[in-house]
Each structure stands twice: as C-alpha cells, then as structure tokens.
Amino acid sequence: MKTKVKQIGFLVLAITLLFGSCSKKKKSSSWVINEVLVNNKTNLIDEYGQRNGWIEIYNNTAKTQDLGGMFLTTDKNNPKMYPIPLGDVKTQIKPYQHALFWADDKPFHGNFHTNFKLDTIGENYIALYDADGKTLIDEIVVPAGIPADKTFGYPVDGIKYDEEGNLTATILERVTPASNNAIIAENPKIVDLKKNDPWGIMITITSMLVVFAGLILLYLVFNFIGNFSKNITQKRVAKSGRLSAARSESQLSGEVLAAIAAAIAELKEDQHDMESTILTIQQVKRHYSPWSSKIYTLRQLPRK
Amino acid sequence: MNALLSLGDNLQTFWGFTGFANAEPGHIIMILVGILFIFLAIKFEFEPLLLIPIGFGILVGNIPFNEIANLKVGIYEEGSVLNILYQGVIEGWYPPLIFLGIGAMTDFSALIANPKLILIGAACQFGIFGAYIIALRSGFEPNQAGAIGIIGGADGPTAIFLSSRLAPNLMGAIAVSAYSYMALIPIIQPPFMRLLTTKKERVIRMKAPRVVSQTEKIMFPIVGLLLTAFLVPSGLPLLGMLFFGNLLKESGVTRRLAETARGPLIDIVTILLGLTVGASTQATTFLTKQSVKVFIIGALSFMIATIAGILFVKFFNLFLKKDNKINPLIGNAGVSAVPHSARISQVMGLEYDPGNYLLMHAMGPNVAGVIGSAVAAGIMLGFLG
C-alpha cells in the first residue's frame, strides 16, 4: 500500500513538474511587421525614383514562406485592403528574411507597391491578414509623431515581446530597410564566453551538471520503473504458485534453483543408481540480442 | 617537325593534369596514413567497418589533380560526385541515420536492469569538457574547442554532427581523429585501467543483472527520449533517432523496419560516411597545424574520459554496500565506443579472474555513454551554436 502511494505520488509530482515548467511567454507570430517608415524625406528610393513610406515584413520561421495571397491593410474594418498578388516567386521569403512593401498607393508599379499610403502625421494601424482575409497574422500600431526618416519597429528582428511580455516596438536607432534591425557581427554567445569564461571552467561545470542531471533523472525513472516492474512480476508469479515464484522471491539464479529442485526430486523419489529418466538442465535463453551477435554489430569483425 | 612539337605540347599538357605533376608532400603523407588505416583494419581488425572506408577514402581524397582546371572531381568542388555525397556529412544528416541504426541494434537491457550504471556514462563525458578546456588553452575559438572536445565522447556520428554545426572547417580532422582513436581504444585504455585500480578492485564480482521485461524495454526509448530531449532539445536529431530506432527494435511489431535500420540502412550510410570523411582529408586543405593539434587533443580527450570513468566508479563504490560494489574495470566503458570499450572491460576482467564476466555489466555504461555524449553534444550546441 505504501509503495503504491509512493508510486502515485511520484507520478503526480512528475506531471505537476511537466505542466509547471510549461512556458507562459508570449510568442511572436510567423510573420512580423518588423519595421515601418512613415515619413520618407531623404530615405530609400524605389525603382521609379520616388520616395514613399514602406513596411518591412519579416519571415519569423525557419522555413521559406509565401506572402502571396495574404492581405495588407491599414483599416481594421477592411482586412482585404491590399491583396498581395499570387504567383510571384519574389513573395516567397526565405527563413528569417525580409520583404519590403512601398506604401505609395501605386499597386501597378509592382507586387511590392500597395494601394494605400501611410498617414505621415497621425497614428497608423498596419495589419497582415492570412489568405482567408479573416485570420489576423500580425499587426502594429505606429504612433503619431514619428520624425521624418525614422522607423518604428522591433530592435531585434521578429522579437515582439520582452521577458515580461511587453511589446518591444520603438523608434529604431538605425533605418534598415529589408535587412536585419539588429546587426550581429559576431556570435554573442562566443563573445560572452571569451570574455567571461576564458578557461572554459564554468561551461565545463555547467555542462557536466546538466549531463549528470539528465542521466540521474533517467536513473531515477528507471529505478522506479524497475522496482515497479519487479513488484508486479513477483505478485504475478506468486499467484501462479510455480517454481518461478520461489525464484522470484529468492533472487537465486536459475541454475541454483534447478539444482535444488533436482535434489528435492531425488530425495522424494526412491533413490537408485540407474536413472529411468534423464534430467537435462537447459538454460533458458533470453531474447536474441544483437549485442551477442557479431553478424549485426557495427564493428563486426570480418569472417576469414 | 611541327607535328612533333604539337605532340610534345600535348604530352606536356597531359602531364600537367596527372597526379604526378600535382602531387605535394602532403598528399603522399595522407596516402601513407590511408594505407596505415587499411593495414590496421585488416591486420589487427581495429574497427574494420570504419577504418577500411575511411582509409580508402583518404586514398581517394588525396589523389592529386589540377585543382585550377575545375574538373569537378575533388570533394570540395561544388557539384562533383564526392561533393554531393559529402553533403550528408556537411549538412549533418548521415549521423542521425547512423544513430537510427545504432538504436535498432542496441539492447538497453543491461542499463535498464542496473540503472545506476548510467552515471558512469555521465562521468566519462568529462573527457569532452576536459578536451574543451585544453583546446581553449591551445588557442582555439570556443566553438572550435567545443567541436574538438566532442572527440572525447568517442562517438563518430556525434562528433561529425557537432563539428558540422560548430566548426565545419575542422570536421575532417575531428572525424578522422574520433574514428581513429575509437579503433585504437584497445591500446589507449588498458594502461589507465591497470594504473588506477588495485588488484582487489579488479576481481570484484558484480551481481548478475536481472531479467528485464519487454514492457520496460518498450518504455525505455519513450521515457528516455522525453527526459533527455526535454532537457537538451538541441540533441534531438541524435537522441530522437537513437530512441526511435530502439523502439522499432523493442516494439516487437516492426521487425522489418528494425532490420532495415540496423542492416542495409546503417551499412549504406556507414559506407558513404566513411568514404567521404576519409576523402575530406584532401591534403591541400586538411594537413595543417590545426589538424595536428586536433589529433593531439583528441588523444588526450580519450584518456581523460577513461580516467574519469574509472575514478568515478571508485568514488561511487564508497557509497555502495559491500555486496553491491561495481568493478572499476567497467569504468572505461562509459567511453561510448560501442562495444569496443565494453569488450576491453571483459578481457581485462577475465585476465585477473577467469570466471568474472564483465561484458553485460560494461554494456550498461557503454550505451549510457552514447546517450551521454548525445546530451553533451546538445549542450555544446546550445551554448556555442
């Protein structure tokens, strides 16, 4: 009974830990409206030599995604304002790359020119809707009063929320159309390690702790499963009342029990020199294991 | 006369394309190394399934040719046959396939029967991080040091996988080093096993492992995957395939799939992996001071891992009851050169006590080492990737 309570307790603890560890962080969407320039005075010029506001959309996934068929809008009540045309390979955006749309109200200038303009004075609501025109994928509200040639967006591409779940959107230091908002020259992890752990001692200790923690966890779970399994087997064989029950209880090896059984049988029956039957002690073979066979092993030794 | 001159020019042009005209001392050295590998594999049967393809691959990769002519024959020339086959190494999809096969051929019974042996597999991973420290002090960047350190995991596929992610330029040296030392384990480990154990310890007899039920065997890959991959998700490609292969084997209802995974599939991938890793040692790009350093640190990592395993068992024994002690001769088996290091425990055990069979006990830490090194690789990838 005590063991059962322990086992149930263990299971409940494991499940609680699993659910408790679930992340409650807010997640960014698969497409992010990453950077917006509302008032373009001296900034980027389009292929027609004109300056207009632009919207940068970021593929926030590790796969190539197609923007074709989706909708861009500046009006919550009209989600299908600008349908991004289908069938253009340029709308297939590679993982963690950008697409730039001109908000110039000149859709016939190309697929990346929308049929709306941004309000250079007031607040701008911009949203991206899925191909059904109903599912909102991402939205951003650009506040009024953004200075000319300054962009509003996320300091790190695709990261919309900080640790506390607050939006990180702000006026950006640099204007970076169709390229990364955060310029990473070196792997920050490596820079950090070189600075703070030049001998590699801390990473060694941390890593060994993690390796041990992982394998200790595995040990604990299988210790538990092993004991549980042993208990069940013992109960089952005890119920059956066979010789294996004695074996299970005593933990003696099969050979020893076979010898004891043979001795008891000999004692019970009349002792005689000439045996009428032949006693064969046959070892019970375990299931076939490839480890015991050289046929299947990776490091098979060649047959000569 | 003109015809003769033209013939001379043609022959000269032809000569310019031959291996003789393009050979450098490095090519000859690497060809000799390749022949040595083939010799070791045939004469001493050191890991022949790996050393023969790698050894021959070294020969293939070091046939000198006119690299400027863009003949598309070299392994580093985009679009060449060897380069296409090499993509499995560069992109890191051969190692998980090998792990699938390893999972399908591994019997985890010894580990399940005596789960405390898992910890020896963990202790041996110190070889990886010890080598990481040495590599850092030898002037390597942290990501390169991590890739070099993984040689100490004694696990070729893991080493290739991690180096393809962290330091692709060192992958050839790391892969050749990892496989070479795995083959040389019978030479590397025994001296440390003798040095670090007493006569009394070497004859410790361990309890026979209990019989493991099929349910436990089925649960192992599922629970194993969930626990280890939740902890180190970056190890998922290796751990996922390892445990998937094992479930194919143990489920009892997917025999055909298990047989393919541990048979034809792993054989095909081993051939391609071995040959291309060998061929990647093209002297003009491979034979550098860095490669020599990688070889030296690789050897040290194997030694550190062996020492860590043996010392850990001795330490662990301090807390175990007298009749439950572990023979420290299985400490080396945490180095996951499966099943070579476990065989060494068996041979050494029999040397000191002809009735003491340690193989089944040594298989526990041995397969735990495989899991441990995949976890360690995941950690490295998380920290340095």
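None of the values given here were measured: they were computed from a predicted structure. Per chain, numbering begins at 1; letters A, B, ... match sequence-line order.
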| message | Does any backbone or side-chain atom of B:Met219 lie under 4.5 Å from a heavy atom of chain A? Answer side chain, backbone, both or neither. | response | both
| note | Output for pair (A:Leu193 CG, B:Glu141 CD), nearest 0.5 Å, gives 11.0 Å
| query | Out of B:Leu111, B:Leu119, B:Ile112, which one racks up the most heavy-atom pairs below 4.5 Å with chain A? | reply | B:Leu119
| said: Counting only heavy atoms not in B:Arg137 (residues, nucleotides, ligands), do more than 12 fall under 6.0 Å from its CZ? | reply: yes
| note | Exactly one of A:Leu217, A:Leu218, A:Asn223 clears side chain to side chain contact (heavy atoms under 4.5 Å, CB included) with B:Ile118, and that residue is A:Leu218
| note | Honestly, the part of A:Val221 sitting under 4.5 Å from a heavy atom of chain B is side chain
| query | Got a sec: does the CD of A:Gln92 have more than 12 other heavy atoms crowding it under 6.0 Å? | reply | yes
| field | For chain A, the option from B:Ala123, B:Gly146, B:Gly382, B:Gly130 that forms the most heavy-atom pairs under 4.5 Å | value | B:Ala123
| message | Could you check whether any side-chain heavy atom of B:Phe129 comes within less than 4.5 Å of a side-chain heavy atom of A:Ile205, counting everything from C-beta outward? | response | no
| query | Which heavy atom in B:Ile133 sits nearest to a heavy atom in A:Gly200, and how many Å separate them? | reply | CG1-O, 3.9 Å
| said: Using 0.5 Å steps for rounding, measure from the CG atom of A:Leu215 to the CD1 atom of B:Ile120. | reply: 11.5 Å
| said: Quick check on A:Asp197 against chain B: is it the side chain, the backbone, both or neither that has a heavy atom closer than 4.5 Å? | reply: backbone
| message | Ring centres under 6.0 Å, that's the criterion: do B:Phe126 and A:Phe212 meet it? | response | no
| Would you call B:Val223 and A:Phe222 a side-chain contact if the rule is heavy atoms closer than 4.5 Å? | yes
| task | Side chain from CB out, backbone as N, CA, C, O: work out which of these in B:Leu136 comes under 4.5 Å of a heavy atom of chain A, or both, or neither. | result | side chain
| remark: Cut-off 4.5 Å, heavy atoms of chain A, and the answer for B:Ile379 is side chain
| task | Evaluate the side chain to side chain contact (heavy atoms under 4.5 Å, CB included) criterion for residues A:Thr206 and B:Phe383: first the C-alpha distance (whole Å), next the side-chain angles of each, then the deciding distance (0.1 Å), finally the verdict. | result | CA-CA 10 Å; A:Thr206 320; B:Phe383 281 138; 3.9 Å; yes
| field | Pairs of heavy atoms under 4.5 Å with chain B: top-ranked of A:Ile203, A:Ile201, A:Ile216, A:Asp192 | value | A:Ile203
| message | What I'd like to find out is whether the side chain of A:Ser207 reaches to under 4.5 Å of the side chain of B:Met380, using heavy atoms alone. | response | no
